Amino acid sequence: MILLSLNFYRGQAESCDRPGKTTAAVLKTDAGEMTVLLSNRTPVHRDNFVKLARSGFYDGMLFHRVIRGFVIQAGDPESRKARPGIAYGEGGAEHRLEPEIVPGLHHIRGMVGAAREGDAENPDRLSSGSHFYIVLGRGKPVTETVLQRMEERLGGTVDPAVRQSYLRDGGVPHLDGAYTLFGYVAAGMETADAIAAEPTDGNDRPRKDVRIISIKIKKIKNTKLKELCNPELKNF
């Protein structure tokens, strides 16, 4: 137990001391704002998201897929002119991205990942060029049994802080090691929860449209980001 505690706080200190800057994206939506930190560990996905956001690509798009306790998802340009009752999600940017699956990044509450086609159609696990999702958690508790199965599948042990987050706030550990995670909602998860609370139709589309109004990109010094002192994000 003593060794466990020392490792926990060592990771926290390393996170607080990291130099440089982190790119942040401020998403303004019909339901409120979210500030997403973009990981420097996944530079291809980070830069792709920044380029699209700065070009206005996401402006006006729906959160077209919402599943309580799982994720909210956006990124289909066809949803800008959405018609009632129509399912969206097939459209997107024309390019795909090579995966950047970073060991130590997990699908805890608030993480942002790149959506993709399943392994059967996409064995190389290439990411969509525009679709992204935000992990909700809290709706479905994660048990020790589920975490142990995930560890067996990945061939490693989950960091104690990540384990605590899964047990406390939920998440989707069955996606770990298979999808690229490139961001974290540092502020505004209540907005994601509000979107998730909207009633949905049989296609998981909210009956009341929730759109991305704009995304603004900014740089923040790491020393000013208390989120990076969070031991759950020491690999971020």
Side-chain angles (χ1 to χ4, degrees), residues 20-67 70-83 86-102 105 107 110-118 121-122 124-136 175 178-189 191-192 195-196 204-206 209-220 225 227 236:
K21 295 181 179 181
T22 292
T23 305
V26 181
L27 281 71
K28 184 178 181 181
T29 79
D30 290 335
E33 289 191 358
M34 292 178 277
T35 298
V36 175
L37 304 181
L38 302 177
S39 177
N40 292 328
R41 300 286 304 279
T42 53
V44 173
H45 285 70
R46 176 200 63 203
D47 293 349
N48 178 73
F49 189 84
V50 167
K51 181 179 179 180
L52 293 178
R54 283 178 170 161
S55 73
F57 180 84
Y58 288 110
D59 297 359
M61 284 188 193
L62 295 182
F63 282 95
H64 65 268
R65 183 178 183 231
V66 170
I67 304 176
F70 183 49
V71 301
I72 60 174
Q73 184 174 327
D76 184 350
E78 295 178 6
S79 71
R80 292 195 197 96
K81 298 181 180 180
R83 292 179 293 161
I86 302 298
Y88 291 94
E90 296 299 320
E94 295 181 357
H95 63 284
R96 294 194 292 177
L97 305 174
E98 292 288 338
E100 296 178 291
I101 299 173
V102 177
L105 291 185
H107 283 76
M111 292 299 285
V112 180
R116 65 174 178 83
E117 294 179 321
E121 304 84 6
N122 180 26
D124 293 330
R125 295 178 170 175
L126 300 176
S127 300
S128 163
S130 61
H131 284 251
F132 68 93
Y133 58 85
I134 299 173
V135 177
L136 295 169
L175 298 184
Y179 288 74
T180 297
L181 291 166
F182 66 92
Y184 175 74
V185 179
M189 269 303 289
T191 296
I195 296 171
D204 299 319
R205 175 184 167 182
D209 288 346
V210 182
R211 297 183 183 274
I212 297 172
I213 299 171
S214 64
I215 301 180
K216 303 299 183 184
I217 303 297
K218 61 181 180 179
K219 293 277 191 177
I220 306 174
L225 287 173
E227 290 81 7
F236 188 79

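The first residue in the sequence is number 1, and the count goes up from there. Keep in mind the model is a prediction, meaning the values are calculated, not measured.
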Would you say NZ of Lys81 has more than 12 non-hydrogen atoms from neighbouring residues, nucleotides or ligands within 6.0 angstrom? no
Is there a donor-acceptor pair under 3.5 Å between the side chain of Arg116 and the backbone N or O of Arg96? no
Summary of side-chain hydrogen bond (donor to acceptor under 3.5 Å, both in side chains) pairs that have at least one residue in residues 24-34, sequence neighbours excluded: none
About how many Å separate CG of Asp76 and NE2 of His64, when rounded to the nearest 0.5 Å? 6.0 Å
pair Val44-Glu98: side-chain heavy atoms closer than 4.5 Å: no
Excluding sequence neighbours, so at least two apart, what forms side chain to side chain donor-acceptor pair (under 3.5 Å) with Thr22? Asn222
Once side chain to side chain contact (heavy atoms under 4.5 Å, CB included) is applied, do any residues pair with Thr35, and if so which ones, sequence neighbours excluded? Ala24, Val26, Ala187
Classify the ring geometry between Phe182 and Phe49 as parallel (under 30°), tilted (30 to 60°) or perpendicular (over 60°). tilted
Suppose we screen for side chain to side chain donor-acceptor pair (under 3.5 Å). Which residues come up paired with His45, at least two apart in sequence or across chains? Glu100, Ser127
Closest non-hydrogen atom pair between Thr23 and Ile217, with its separation: CG2-CG2, 3.6 Å
Heavy-atom closest pair, residues Tyr58 and Ile212: O-CB, 3.7 Å
Taking C-beta and beyond as the side chain, do Val112 and Val185 meet within less than 4.5 Å on heavy atoms? yes
Which atoms form the tightest heavy-atom contact between Ala53 and Ile215, and what is the distance? CB-CG2, 3.6 Å
Got Glu227 and Phe236 here, is their nearest side-chain heavy-atom distance under 4.5 Å? no
If you define the side chain from C-beta out and look only at heavy atoms, does anything of Ile86 sit under 4.5 Å from Tyr88? yes
Taking only residues two or more places apart in sequence or in another chain, which ones pass side chain to side chain donor-acceptor pair (under 3.5 Å) with Arg211? none
Might you point out which heavy atoms bring Leu126 and Pro99 nearest each other, and give the distance in Å? CD2-CD, 4.0 Å
Ser214 and Asp59 have their tightest heavy-atom pair at CA-OD1, 3.4 Å
From the options Thr42, Asp47, Thr180, Asn48, select the one residue that forms a side chain to side chain contact (heavy atoms under 4.5 Å, CB included) with Leu97. Asn48
How about CD on Glu117, more than 12 heavy atoms from neighbouring residues, nucleotides or ligands closer than 6.0 Å, or not? yes
Decide if atom CD of Glu121 counts as having more than 12 heavy atoms of other residues, nucleotides or ligands within a radius under 6.0 Å. yes
Applying side chain to side chain donor-acceptor pair (under 3.5 Å) to Asp204 and not counting sequence neighbours gives none
Between Gly75 and Ser130, which heavy-atom pair has the shortest distance, and what is it? O-OG, 2.8 Å
Please tell me if the side chains of Met61 and Pro77 come closer than 4.5 Å, counting only heavy atoms from C-beta onward. yes
Supply the atom-to-atom distance Ile72 CD1 to Leu136 CG, rounded to the nearest 0.5 angstrom. 6.0 Å
